[in-house]
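Side chains are part of it too, since the values below use all heavy atoms of this structure and drop only hydrogens, waters and symmetry mates.
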Amino acid sequence: MSEFVRNIRLWFAPEQVREEGGTPDYRFSLANERTFLAWLRTALALIGGGFAVDQFLPDLRWAWRAGLALALLGAGVLCSLRAVNHWVRCERAIRRGEDLPASRFPVLLSLVVAVVAVSMVVVVLVGWEG
């Protein structure tokens with residue numbers, strides 16, 4: 001079974017994480033949980049931003065509004081899924097005494113947010129109506 005599939009199974013059975021390695025200092029597990037919650041807050045903010053763009057910019061051309069809203073909503077969905085996957089991967093690494101896993105996701109998320117922000121700057125400078 002691949003590592004990815006195992007991690008997904010652990011999303012729904014986190015008690016099985018305890019079967020790996022030893023019990024770490026609880027502060028590390030709590031820090032991992034706080035990081036998980038921070039990722040979820042970020043996901044909620046992105047989803048809220050997507051709905052805000054769609055609902056509060058009615059004069060914006062439909063293609064722009066839908067594109068920006070969908071980019072934010074998609075980033076929110078990916079961020080929420082990544083949060084739980086990252087939590088499982090880190091918890092397993094902590095219990096095994098391994099280095100924490102590296103991730104390219106923060107860079108990807110930053111690029112999506114930057115593209116949306118630059119697009120919004122263009123929309124504001126050019127005007128909403130085309």
Sidechain-backbone polar pair: S80 side chain, V77 backbone, donor-acceptor under 3.5 Å: yes
same_hphob_cluster(W64, V113) at 4.5 Å side-chain heavy-atom cutoff: yes
With R65 via salt bridge (Lys or Arg N to Asp or Glu O under 4.0 Å) - residues at least two apart: D54
Nearest heavy atoms of A69 and V53, plus distance in Å: N-CG1, 4.0 Å
Nearest-0.5 Å distance that lies between atom CG in L68 and atom CG in L57: 8.5 Å
Close side-chain approach of F105 to L81, heavy-atom, < 4.5 Å: no
Residue pair F36 / L40, side-chain heavy-atom distance below 4.5 Å: yes
Heavy-atom pair with the smallest gap, counting every atom of H86 and P101: CE1-O, 4.4 Å
E19 side chain near R95 side chain, heavy-atom distance below 4.5 Å: no
Heavy atoms of other groups near D99 CG, more than 12 under 6.0 Å: no
Hydrophobic cluster identity match, V126 and V121, side-chain contacts under 4.5 Å: no
Residues E20 and R6 bridged, charged N to O under 4.0 Å: yes
pair L46-L73: side-chain heavy atoms closer than 4.5 Å: no
Reference residue W87; test side chain to side chain contact (heavy atoms under 4.5 Å, CB included); the match among T35, N32, L37: N32
Spatial distance of atom CD (E91) from atom CZ (R96) [nearest 0.5 Å]: 11.5 Å
Heavy-atom closest contact (L100 atom, C90 atom, distance): CD2-O, 4.1 Å
Heavy-atom check, side chain of L109 versus side chain of C79, under 4.5 Å: yes
Atom pair CG (L78) and CG (L108), whose distance is rounded to the nearest 0.5 Å: 7.0 Å
Carboxylate-amine/guanidinium contact R92 E3, below 4.0 Å: yes
Closest contact, heavy atoms only, A71 versus V116: CB-CG2, 3.7 Å
Full working for side chain to side chain contact (heavy atoms under 4.5 Å, CB included) between L125 and M120: CA-CA 9 Å; L125 291 177; M120 290 303 295; over 6 Å; no
Nearest heavy-atom neighbours spanning A75 and V112: CB-CG1, 3.9 Å
Contact summary for W11 and N85, nearest pair of heavy atoms: NE1-CA, 3.5 Å
CZ-OG distance between R104 and S110, expressed to the nearest 0.5 angstrom: 14.5 Å
Spacing of F51 atom CZ and L72 atom CG [to the nearest 0.5 Å]: 11.0 Å
Separation between CD of E15 and CG of L10, rounded to the nearest 0.5 Å: 9.0 Å
Donor on one side chain, acceptor on other, R82 and S103, under 3.5 Å: yes
